[in-house]
Amino acid sequence: DDLESKRYSAAKDNTQKALSVLGGKDAGKIAAATSSPETAKKLLAQMASDLKSFDAAVTEAQNVNRGSEQEEAARRKAKDLQTSAVSYLNDIEESM
């Protein structure tokens, strides 16, 4: 495997780990530790949705020709989704 392929695989693995936390009991514990648990639950759900879409975008980037316009578009989409998920995380952290 080349370096790019390893990076895509690592991104997908880490995304699955994050989704596991967001879909499990830990998500409830995180929400409960905030000043507004209901709002935090919504933010966690939106973060999970963005991460699922991020995973799909990484898969798309991984499965097209390296350096192609399709890869660049998929990478841009993945970056935007990652930025969005981080924004939700920041909102949750600020409410703790």
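As a basis for the values below, the full set of heavy atoms in this structure was taken, side chains included, without hydrogen atoms, waters or symmetry mates.
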Return the [atom1] to [atom2] distance between [X] and [Y], rounded to the nearest 0.5 Å.
{"X": "S49", "Y": "L19", "atom1": "OG", "atom2": "CG", "answer": "10.0 Å"}
{"X": "Q70", "Y": "N63", "atom1": "CD", "atom2": "CG", "answer": "12.0 Å"}
{"X": "R66", "Y": "S5", "atom1": "CZ", "atom2": "OG", "answer": "6.0 Å"}
{"X": "N14", "Y": "D55", "atom1": "CG", "atom2": "CG", "answer": "11.0 Å"}
{"X": "K12", "Y": "Q16", "atom1": "NZ", "atom2": "CD", "answer": "6.5 Å"}

query: How about K42 and T39: do any of their side-chain heavy atoms sit closer than 4.5 Å?
result: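 When only atoms from C-beta onward are counted, T39 and K42 do not touch, as no gap falls below 4.5 Å.
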Examine [X] and [Y] and state if one hydrophobic cluster contains both, with Ile, Leu, Val, Met, Phe, Trp and Tyr joined whenever side-chain heavy atoms are less than 4.5 Å apart.
{"X": "L81", "Y": "Y8", "result": "yes"}
{"X": "L22", "Y": "M96", "result": "yes"}
{"X": "I30", "Y": "L51", "result": "yes"}
{"X": "L43", "Y": "V86", "result": "no"}

- request: Kindly indicate, with the supporting measurements, whether the criterion side-chain hydrogen bond (donor to acceptor under 3.5 Å, both in side chains) is fulfilled by S84 and D50.
  value: CA-CA 7 Å; S84 177; D50 282 357; 2.5 Å; yes
field: Cationic N near anionic O, under 4.0 Å, R76 to E72
entry: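 Salt bridge present between R76 and E72.
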query: With no hydrogens and no angle check, is any side-chain donor or acceptor of E71 less than 3.5 Å from a backbone partner on G67?
result: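 Checking the backbone N and O of G67 against the side chain of E71, a donor-acceptor pair under 3.5 Å is found.
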task: Would you mind listing every side chain to side chain donor-acceptor pair (under 3.5 Å) that reaches into residues 87-96, with sequence neighbours excluded?
output: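 Matches after skipping sequence neighbours: none remain.
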- prompt: Which is it for I92 and L44 under the side chain to side chain contact (heavy atoms under 4.5 Å, CB included) test, yes or no, and what are the steps along the way?
  reply: CA-CA 8 Å; I92 291 166; L44 290 167; 3.4 Å; yes
task: Can you see which heavy atom on A74 is nearest to which on A57, and at what distance?
output: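 Looks like CB-O, 3.6 Å.
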